[in-house]
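Here it is, the structure, as structure tokens.
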Amino acid sequence: RFQRLIDADIVGIVVADGNGKLILANDYFLGLLGRTREEFEASPIQWADMTPAEWMAADAEALTELYDRGVCSPYEKEFLRKDGSRVAVHLASAMLPGPEQQIIAVCLDITQRKRDEAIVVLQARRAEALLELPKAAERMDETAVMRKGLELARTITGSRVAFAHLVGDDGRADLAAWSPHAPGDDRAAVAETLHPAGRAEVLRRRAPAMINDQAVPGRLLCVPVIESGRVAMLVEVGDKPSDYADLDVESVQLIANETWRIVQHGRTTAALKKRETIYSAIVTQAGDSVVLLDPETLTFPEFNDTACTSLGYSREEFAHLTLADIQAEMDAKSIRGRLSERMAAGGCDFETTHRRKDGSVWPVEISVNYWATSGVAFVFLHDLSERKQAEKELLERRRELEILQKHQVAAQTAAAFAHELNQPLSAIASYCKASLMLLDSAKHDLHNIRHALEESEKQALRAGDTIRELLGRIAL
């Protein structure tokens, strides 16, 4: 019956003498060791020869328990196979009756179970790493984030080194970060020794590459991070004592993608903060009032200093006001109606008047831009006081100029009419003087006197016409 159990090869069965020499083994057990029966019979095996050094202590404890109790508690260990690889087993042993002190051991191959357990452990560690990385990144700059991601990838895969390369638009991959355990001062030189051809293949195919070459430069796993159809970053782990597997590819790819997401998020956040700082400085230092307006409540969620100081309010006071409180022409209902009409088109520009804290009013030009997605209106309020005053002064100057022009025209007209009057009046005076001279002479030339008086009459009539023409123009 015992022999039939041995031959059934359900489990591995082996018998060893007190010195650890194997004297019997079934095919199941020999299969675990990667040996044939012919090899076993030709060259017997010592228990110690098939036990890795780190498992010697466990065997020693089991042997002590065997001599004390005749049996030992089942335990797990590894055997060395003929090719140098290892096989995990679950082992139980007992002392056989008789003076030979032979030991029988029954073992079961648990390699697959160990692999499954390792996968579960690796997946758990990977999940922890993916949760840990974003939290740690909150306190790190871009390079530190990449180094943290590389260290997680290196640890999870059991690699000795890890590198990250950023890929430019020209397809060139430049070393950007390395794990803390990367050896040497010149990490770039070390990174270049890790299968550069493999890296080039990843860039070309845009797919992971796994090289399990035990010779120098050793094993390598390289994965690409794809963004917008191109490779944005390469992550490499290398120099692992054992071969890389598909699970390693999956783990490194997930960590690489998450690292790149965090890096991009950091860049975007930094750019937004920079833009926000610039826009905030522009708005804060703007000479015009700038406010965000809630069309429903007419309140001001945000505003610059000019908005409140121009109306004579402090920031605390202005924060509790509504547009109806500063509007001098309309009440809240009218304001909502006008805003509703004009914001339907996305925005509007119009002029109105606002009331200051002291009760005075001032003209303003309002430019409203409505963002439906945000539910608020971006409003510029430009003080028109100076422009209105300038327009008033310009109008007054125009009126003064018109009056001055009229006076100039009148003066020119008067001068012209004076010239026109001067001629007939001078002629009249000359004719009168000639008449007087003729009357004073001894010879009274009545014909010439009459002629002089007739000419004087003509010049007087001419002067009268000129005066009437002048009066007609003045009346216009």
Side-chain angles (χ1 to χ4, degrees), residues 134 137-138 227-228 261-395:
E138 296 174 358
E227 183 181 65
S228 301
R261 185 195 67 79
I262 294 172
V263 167
Q264 286 298 88
H265 176 73
R267 291 178 178 178
T268 302
T269 301
L272 288 175
K273 285 183 178 179
K274 183 178 180 180
R275 291 177 61 186
E276 182 180 346
T277 300
I278 294 173
Y279 291 156
S280 178
I282 293 174
V283 171
T284 300
Q285 299 174 18
D288 289 335
S289 300
V290 182
V291 300
L292 290 182
L293 175 67
D294 186 330
E296 295 297 326
T297 62
L298 301 183
T299 56
F300 307 111
E302 295 291 342
F303 51 88
N304 66 350
D305 291 339
T306 305
C308 50
T309 57
S310 62
L311 291 168
Y313 292 99
S314 66
R315 290 191 64 88
E316 291 74 16
E317 292 173 328
F318 193 80
H320 293 87
L321 298 178
T322 67
L323 183 57
D325 295 324
I326 64 174
Q327 173 58 242
E329 298 178 358
M330 297 178 288
D331 57 17
K333 182 178 180 180
S334 300
I335 294 173
R336 289 191 181 93
R338 176 174 291 187
L339 287 175
S340 177
E341 293 174 0
R342 300 191 177 186
M343 288 192 305
C348 60
D349 297 320
F350 61 94
E351 294 184 7
T352 184
T353 55
H354 281 177
R355 192 183 308 280
R356 296 187 179 92
K357 182 180 179 180
D358 61 8
S360 61
V361 297
W362 57 303
V364 293
E365 181 181 46
I366 296 181
S367 177
V368 182
N369 293 281
Y370 180 62
W371 299 330
T373 55
S374 62
V376 296
F378 194 67
V379 184
F380 285 92
L381 300 98
H382 179 62
D383 185 357
L384 295 180
S385 299
E386 293 183 359
R387 195 182 85 184
K388 292 294 184 182
Q389 181 63 30
E391 290 176 353
K392 181 179 178 181
E393 293 178 356
L394 179 61
L395 181 60

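What you see is a predicted model; the values in this text were computed from it and never measured.
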Side-chain heavy-atom pair Val364, Thr352 within 4.5 angstrom cut-off:
yes
Non-hydrogen side-chain atoms of Thr309 and Leu311 separated by less than 4.5 Å
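No, side chains not in contact.
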Residues Glu227 and Arg261 bridged, charged N to O under 4.0 Å
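No, this pair does not count.
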Donor-acceptor pair, distance only, cut-off 3.5 Å: does the side chain of Asp288 make one with the backbone of Phe380?
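Judged by distance alone, no pair lies under 3.5 Å.
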Beyond-backbone contact of Trp362 with Ser310, side-chain heavy atoms, under 4.5 angstrom:
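Yes. Closest side-chain heavy atoms under 4.5 Å.
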Could you tell me which residues satisfy ring pair (Phe, Tyr, Trp, His ring centres under 6.0 Å) with Phe318, sequence neighbours excluded, listed by chain and number?
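Once residues adjacent in sequence are excluded, the partners of Phe318 under the ring pair (Phe, Tyr, Trp, His ring centres under 6.0 Å) criterion are Phe300, Phe303.
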Counting N and O atoms only, with roles assigned by atom type, does the side chain of Ser334 sit under 3.5 Å from a partner on the main chain of Met330, one being a donor and the other an acceptor?
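No, because the side chain of Ser334 does not come within donor-acceptor range (under 3.5 Å) of the backbone of Met330.
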Which residue in the set Glu393, Lys392, Glu386 passes side chain to side chain donor-acceptor pair (under 3.5 Å) when paired with Gln389?
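Checked Glu393, Lys392, Glu386 against Gln389; only one passes side chain to side chain donor-acceptor pair (under 3.5 Å): Glu393.
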Side chain Arg355, main chain Ser360, donor-acceptor under 3.5 Å
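No; judged by distance alone, with no hydrogens or angles, the pair does not exist.
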Report the C-alpha separation of Lys357 and Glu317 in whole Å, then their side-chain angles, then the decisive distance to 0.1 Å, and conclude whether the salt bridge (Lys or Arg N to Asp or Glu O under 4.0 Å) test is met.
CA-CA 10 Å; Lys357 182 180 179 180; Glu317 292 173 328; 3.0 Å; yes
Residue pair Ile366 / His354, side-chain heavy-atom distance below 4.5 Å:
yes
Tell me, please, which residues at least two apart from Thr306 pass side-chain hydrogen bond (donor to acceptor under 3.5 Å, both in side chains).
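Expected list: none.
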